[in-house]
Amino acid sequence: MEKNSLIRTEAFVNGQWVKAASSKTFEVTNPATGEVLAQVTDMDRADVQQAIDAAHKAWPSYRDTTAKERANLLRKWFNLMLEHKQELAELMTLECGKVLQESLGEVEYGASFIEWFAEEAKRAYGDVIPAYSKDRRLVVIKQSVGVAAAITPWNFPLAMITRKVGPALAAGSTVVVKPPSETPLTALAISYLAQKAGFPPGVYNTITSSNSSEIGKELCENTKVRKLSFTGSTPVGKILMTQSASTLKKLSLELGGNAPFIVFDDADLDAAVKGAILSKFRNNGQTCVCVNRVLVQESVYDAFVEKFTQAVADLKVGNGLQKDVQVGPLINKKGLEKVQQHVQDAVEKGATVTTGGKHLEGLFYQPTVLANASPEMLIAREEVFGPVAPVFKFSTEQEAIEMANDTDYGLASYFYSKDVARCWRVSEALEYGMVGINEGMISTEVAPFGGIKESGFGREGSKYGLDYFMEIKYMCFGGIE
Ligand code: SIN
């Protein structure tokens, strides 16, 4: 920690590193060891108002920069992130427990949004519309939405910030970032790199606080904030949406999931096991797109469970900084308790633990497979957000689709089949924003990430991402002779 040149513990407002007016701080701990890593500035609502004011003041001149100027700033920031890849990754592993290899991957993944939107900044094209009368010309332009706030989660301490601020900054918005209290250090480290990249004061602001609900309320109710992008749970998303009604704030909500992973009898079982491991145990099962339910066709059920169980039993659990470790700790006690509750409930309702099922020390839990899972189990309805994979049985394609869609969520879904016609049929029938076909890892900056139903709305990344930070303006030129 001491050797990490990116450590910052104060908030970043208007180009300055600032303390809370109250001088209060909160602790950041390492979930792998329980060690206190840092004391970070604990802002209240009045502190946050100052950050919003700074972003609001900086907006007109930043908005009026050329797309190329903004692209150059983003490109510098992207390069700095990659130059500091190792330090950023270590910081991330320390504060969120993610294994180092995944943290290194997240730095690249997170930085890729900045590179992508540096390029997209120059492509925010408008339109010329064929006029309805000879003396008129109709034009559509796109303009920055104004101050954009980002409330981000601890499971991707870097990438969930860049996926929001990349398009915002590219579009000409100024930003106020509220990282979670579990992982503010990575957020502050990239703020420091944004400062080094040369964003003018007030364009990029990071506010830190242990009081997420109070700060969230301010970001929703403050009229100077014109856009709020949130990644987190569905219940919190609903609160933010309610609070945003008073200012009719534009919202993007990337919320919870209940991802099905369907294995049909014509699937390559080894490939399916590999995909399920990747998708289920990435970040110890703590991502919104992690598999939550494995659905397997009855004729290959036993064979799949056997292979999957073996692969899960081979996963190495430990402190993410140690070599070869594949699965780290859960983020906190609440996360661990949820995993324990889901396993206990499933076992009481008839599930068989084929591997795992036990709490290790601290926040570590054994990677677990539950065979004979059934729809009345808690884990069939709720996101477990941990290293537990329940395996359900189905007999027909129609039944698999019905089971997969039988949830209020609609973020990611996956299935394995070698039949091309089935691949099209099932992809179209799944009520989800994203579908992985013979693939367990689908996230990338070039494709639209987002959900339907109670998984929220809005898309991040891709050619669509910029539009969520822009307003459309129609201009009618009259009197043209
Ligand atoms: C998330 O868990 O919200 C993001 C996962 C991803 O980007 O793959």
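Just so you know, ligand 1 is whichever comes first in the structure, and atom 1 is the first atom listed for that ligand. Remember, predicted model here, so these are calculated numbers, not experimental data. Heavy atoms only: backbone and side chains are in, while hydrogens, waters and symmetry mates are out.
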> Which bit of E106 is near ligand 1, meaning a heavy atom under 4.0 Å away: side chain, backbone, both or neither?
Replying inline: neither

> Can you find an N/O atom of T231 closer than 3.5 Å to an N/O atom of ligand 1?
Replying inline: no

> In terms of ring plane angle, is the pair Y204 and F12 parallel, tilted or perpendicular, where the classes change at 30° and 60°?
Replying inline: tilted

> Under 4.0 Å from any heavy atom of T287, which atoms of ligand 1 are there?
Replying inline: 2 (O)

> Quick one: which ligand 1 atoms are inside 4.0 Å of a heavy atom on R282?
Replying inline: 6 (C), 8 (O)

> Are T93 and S103 close enough that a side-chain donor and a side-chain acceptor fall under 3.5 Å?
Replying inline: yes

> Numbering the atoms of ligand 1 from 1, which are under 4.0 Å from a heavy atom of Y109?
Replying inline: 6 (C), 7 (O), 8 (O)

> At what distance is the nearest protein heavy atom to atom 5 (C) of ligand 1, and which residue and atom is it?
Replying inline: F156 CE1, 3.6 Å

> Looking at V289, which atoms of ligand 1 are within less than 4.0 Å of one of its heavy atoms?
Replying inline: 5 (C), 8 (O)

>> List ligand 1 atoms under 4.0 Å from S443, heavy atoms only on the residue side.
In response: 6 (C), 7 (O), 8 (O)

>> Tell me the protein heavy atom at minimum distance from atom 3 (O) of ligand 1, and give that distance in Å.
In response: E254 OE1, 2.9 Å

> For V263, which of L269, V273, V391 qualifies under side chain to side chain contact (heavy atoms under 4.5 Å, CB included)?
Replying inline: L269

> Where on C288 is there a heavy atom closer than 4.0 Å to ligand 1, on the side chain, on the backbone, on both, or on neither?
Replying inline: both

>> Can you see whether Y468 has K250 sitting over its ring - NZ or CZ less than 6.0 Å from the centre and within 45° of the normal?
In response: no

> Checking N292 side chain against A380 main chain: does a donor-acceptor pair fall under 3.5 Å?
Replying inline: no

> Cationic tip of R422 within the cone over F264's six-membered ring, i.e. under 6.0 Å and within 45° of the normal?
Replying inline: yes

>> Looking at ligand 1, would M160 count as a contact under a 4.0 Å heavy-atom criterion?
In response: yes

>> Against the six-membered ring of Y192, is R8 placed for a cation-pi contact (under 6.0 Å from the centre, within 45° of the normal)?
In response: yes

> Hey, is E254 close enough to R163 for a salt bridge, meaning N to O under 4.0 Å?
Replying inline: yes

